[in-house]
Every structure is written in structure tokens, then in C-alpha cells.
Amino acid sequence: MEMERAIEFPHTHMDRRPRKRQRLGWDVAPQAPKAQVGIFCGQEVGNVTSFASSRAPSDHTSSSLFVKGVARNGSPPWREDDKDGHFMFALGENITSRYKIHSKMGEGTFGQVLECWDRERKEMVAIKIVRGIKKYREAAMIEVEVLQQLGKHDKGGNRCVQIRNWFDYRNHICIVFEKLGPSLYDFLRKNNYRSFPIDLVRDIGRQLLECVAFMHDLQLIHTDLKPENILLVSSEHVKVPDYKVSSRSPKDGSYFKRVPKSSAIKVIDFGSTTYDRQDQNYIVSTRHYRAPEVILGMLRTTVVALPSHIFMLPCQLTNNYDF
């Protein structure tokens with residue numbers, strides 16, 4: 001069966017509001033023979049391409065959109081989402097003809113993150129596949145807009161995760177990111193929650209403050225800073241002696257702990273990001289990290305409360321939710 005290739009176009013020339021779209025040929029379930037083939041809404045960052053109008057093929061087994069110079073690969077069989085709206089997949093399958101699923105990197109309230117091979121750029125990427133539910137789709141479109149704005153001003157790409165591409169696939173907003181290392185939380189968890197060296201803590205804290213200041217200069221508030229949303233750029237690490245557990249048996253490896261080779265970090269997850277306004281009065285931040293003044297409705301100061309194994313950074317910033 002010949003399947004269709006996604007045609008991408010720049011979002012600057014489109015209405016970005018989420019809306020119900022026509023199904024693609026590869027999105028048609030076997031029991032729906034009259035479904036139409038439509039535009040696959042996507043955007044390649046920094047690459048302007050053309051797009052074509054939708055059409056209704058007479059034969060669904062051979063219908064195709066012809067894209068000059070683009071190879072067409074088969075898509076996986078149609079699967080229904082799970083009861084929570086999560087995308088169902090199998091390793092080795094394709095997400096469009098461009099991306100091949102390599103592994104699952106994580107899962108959250110928003111959806112899932114998959115490690116995929118980008119056939120066009122010849123590199124591994126991380127694809128955030130948002131749940132096929134209206135409120136999460138809308139949040140994803142907000143995140144795409146924020147990421148575009150951040151990328152425009154963060155020329156070096158040293159503060160926030162960089163967006164590569166985005167598209168709508170089988171009613172799921174898919175955002176393609178550069179592939180980074182583990183989150184601070186995952187690194188600590190796999191390291192038995194052992195503390196970082198103070199110099200590393202200091203450097204991570206400095207970068208985090210710089211990122212928040214950068215966003216605030218753009219009148220943007222992240223609202224969901226937490227260890228899960230702070231990623232190490234590299235997953236490489238070294239093992240160093242852990243003198244605090246020297247009395248334990250060396251057989252279980254307790255004499256050593258892992259320390260990242262690089263302290264470079266980037267902030268992710270901008271689905272809850274909002275613009276700084278005087279009328280902000282709603283609950284923000286993940287419950288486990290929510291500051292007391294937010295819970296009590298006293299939104300004059302907040303605190304970055306990362307686990308004590310990392311650091312606590314109290315900051316007095318009036319009318320701001322980050323810190």
C-alpha cells in the first residue's frame with residue numbers, strides 16, 4: 001500500500017488555532033472507507049516549503065500526495081488511542097515517512113516522548129506526542145508558539161530546548177525537539193538521590209536563573225519549573241568516590257556515585273507558559289512543587305523548590321510566578 005508523505009508549511013502563514021482537521025489517507029481506519037485525504041499540518045523550522053489543498057481519492061489503497069524529491073515509506077497500521085488519549089505505537093514503526101521510532105523516553109500528563117531517527121537530518125530527535133484531547137492539543141499549540149518565540153531570541157540555543165519541527169498526526173500534536181540528556185530528577189533517582197557537588201549545584205543554579213531572567217525579559221512566565229523540566233544537555237557522567245557511605249559494603253557499588261560530566265542544562269515543557277499580566281490569580285505549578293504562597297493565594301513571591309539534594313533558591317520577585 002502506497003502511503004502519503006506529509007507536506008509541511010510555515011506556521012507564520014496559517015491560523016494557529018487548533019481545529020478539527022480532515023483525516024489523512026494513512027489515518028483512515030479500515031471501517032471508514034469514505035474518509036478523505038487532507039493536508040498534513042506541519043512546520044519545518046527555518047525551512048519554507050509549499051502545500052497543496054486536500055482532495056478525495058477514488059481509491060484509498062493507491063491514493064497519494066506527490067512531493068518532489070521525497071521518498072514515501074509506509075505508515076503503521078491504524079490503532080485506537082488508549083482510554084486516556086495516549087498515542088499507541090510499536091518500536092520500529094514510522095511517524096510519517098520521516099521519523100522512525102527507536103525507543104520511549106518518558107511519559108507524563110501531557111502525553112509521551114519518543115526517541116526517533118530523523119531520516120532527513122540524519123540524527124536522533126525527541127518527539128513529544130501530545131494526548132489526543134482538546135485541552136492538551138490547545139496547550140501544545142501554545143507551547144509551539146512560545147518555543148518559536150524563545151528560539152527567535154535565544155540565538156545560541158543555550159537556555160531553552162530547541163524546536164526542530166511540529167505537525168499534527170492522527171489527532172496528536174507532535175513536537176520535534178533536539179535530543180538532550182536526562183532530567184535532573186531522573187539523574188538523581190538513578191543515582192539513589194545522592195547530592196551533586198556544590199560547584200555543580202552553583203553552576204546549574206546560575207544557568208537556571210539566567211534562563212528565567214531571559215524568559216521574564218520577554219514577558220513570559222514558565223509557571224512549572226521543577227527537576228523534571230530541567231534537562232542535562234549530555235547524558236555522559238563519571239563515577240567518583242562517595243565518602244559519606246564508606247562504611248557500606250563495596251559489593252553494591254555504594255562507594256561511588258555518578259556525577260554529570262557537563263553542568264550544561266536546558267529548560268523544557270512550555271505548555272503551561274503564560275504572559276506576565278497584572279490579573280494573574282490562578283493556581284500554577286505542579287502540586288508537589290507548589291509554593292505555600294501560591295496555595296494560599298498570596299502571589300507576590302514564590303520559590304524555586306527543587307529537592308534539598310540539589311538546592312533551594314528563594315528569590316523576591318514581585319508579581320512573578322517563576323521564583
Side-chain angles (χ1 to χ4, degrees), residues 3-28 35-54 64-76 78-79 81 85-89 93-102 105 110-134 136-148 151 161-179 268-271:
M3 312 312 287
E4 293 151 332
R5 167 63 176 163
I7 298 181
E8 303 169 351
F9 59 94
H11 86 291
T12 53
H13 304 294
M14 64 174 280
D15 185 348
R16 290 191 293 268
R17 292 174 296 178
R19 57 169 60 97
K20 186 175 180 180
R21 65 181 178 83
Q22 293 177 309
R23 295 292 187 187
L24 297 168
W26 57 32
D27 290 348
V28 179
Q36 290 185 339
V37 177
I39 296 175
F40 186 87
C41 300
Q43 177 241 338
E44 173 68 22
V45 178
N47 181 24
V48 180
T49 55
S50 61
F51 63 93
S53 59
S54 61
S64 61
L65 292 176
F66 297 96
V67 183
K68 184 177 180 181
V70 178
R72 292 171 297 180
N73 294 322
S75 278
W78 175 276
R79 295 188 183 92
D81 295 340
H86 288 284
F87 176 71
M88 300 298 291
F89 66 92
E93 291 182 343
N94 296 322
I95 302 179
T96 78
S97 59
R98 177 170 176 175
Y99 304 103
K100 181 177 180 180
I101 301 174
H102 184 264
M105 301 179 69
F110 61 86
Q112 304 167 94
V113 178
L114 305 181
E115 181 185 24
C116 299
W117 174 252
D118 184 344
R119 292 186 174 95
E120 188 171 310
R121 296 176 67 107
K122 307 298 182 184
E123 66 177 1
M124 282 293 184
V125 294
I127 302 183
K128 180 177 181 177
I129 304 183
V130 180
R131 291 163 63 182
I133 298 174
K134 181 181 178 181
Y136 294 107
R137 285 175 56 87
E138 291 175 348
M141 295 307 296
I142 293 173
E143 182 170 13
V144 168
E145 184 174 356
V146 170
L147 285 163
Q148 291 287 349
V161 64
Q162 299 293 296
I163 183 175
R164 293 276 193 262
N165 186 14
W166 76 269
F167 52 89
D168 194 342
Y169 181 75
R170 297 183 175 181
N171 197 40
H172 295 272
I173 301 296
C174 302
I175 310 177
V176 184
F177 297 99
E178 61 178 324
K179 185 177 179 295
I268 66 167
D269 196 352
F270 299 91

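Position 1 is the first residue of the sequence, and the numbers go up from there. Side-chain atoms are counted along with the backbone in the values below, which use heavy atoms only and exclude waters and symmetry mates.
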With the side chain counted from C-beta on, respond yes when Lys128 and Val161 share a heavy-atom pair under 4.5 Å apart, and no when they do not. no
Any idea which heavy atoms bring Ala126 and Glu178 closest together, and the distance? CB-O, 4.2 Å
Between the CZ atom in Phe89 and the CZ atom in Arg79, the distance rounded to the nearest 0.5 Å is 9.5 Å
In short, Asp269 meets Glu143 closest at the heavy-atom pair CA-OE2, 3.7 Å
Is Arg137 close to Asn171 at the side-chain level, that is, under 4.5 Å between some pair of heavy atoms? yes
Checking Met124 now: which residues fulfil side-chain contact (heavy atoms from CB on, under 4.5 Å) with it, not counting sequence neighbours? His102, Glu115, Trp117, Lys179
To the nearest 0.5 Å, tell me how far Glu145 CD sits from Trp166 CH2. 11.0 Å
Given Val176, which of Asn165, Ile95, Ile163 fulfils the side-chain contact (heavy atoms from CB on, under 4.5 Å) condition? Asn165
For Cys116 and Ile101 the tightest heavy-atom approach is SG-CA, 3.9 Å
Stepwise ring pair (Phe, Tyr, Trp, His ring centres under 6.0 Å) test for Tyr99 and Phe167: CA-CA 12 Å; Tyr99 304 103; Phe167 52 89; 5.7 Å; yes
Output yes when a side-chain donor or acceptor of Arg98 lies under 3.5 Å from a complementary backbone atom of Glu120, and no otherwise. no
Taking the basic N atoms (NZ, or NE/NH1/NH2) and the acidic carboxylate oxygens, is any pair closer than 4.0 Å for Asp81 and Arg170? no
As an exercise, state the distance from NE2 of His172 to NE2 of His86, rounded to the nearest 0.5 Å. 9.5 Å
State which residues pass side-chain hydrogen bond (donor to acceptor under 3.5 Å, both in side chains) with Glu123; sequence neighbours excluded, sorted by chain then number. Arg121, Arg164
Less than 4.5 Å apart, any side-chain heavy atom of Leu147 and any of Phe177? yes
side-chain contact (heavy atoms from CB on, under 4.5 Å) filter on Tyr136, not counting sequence neighbours, yields Thr109, Val130, Arg131, Ile133
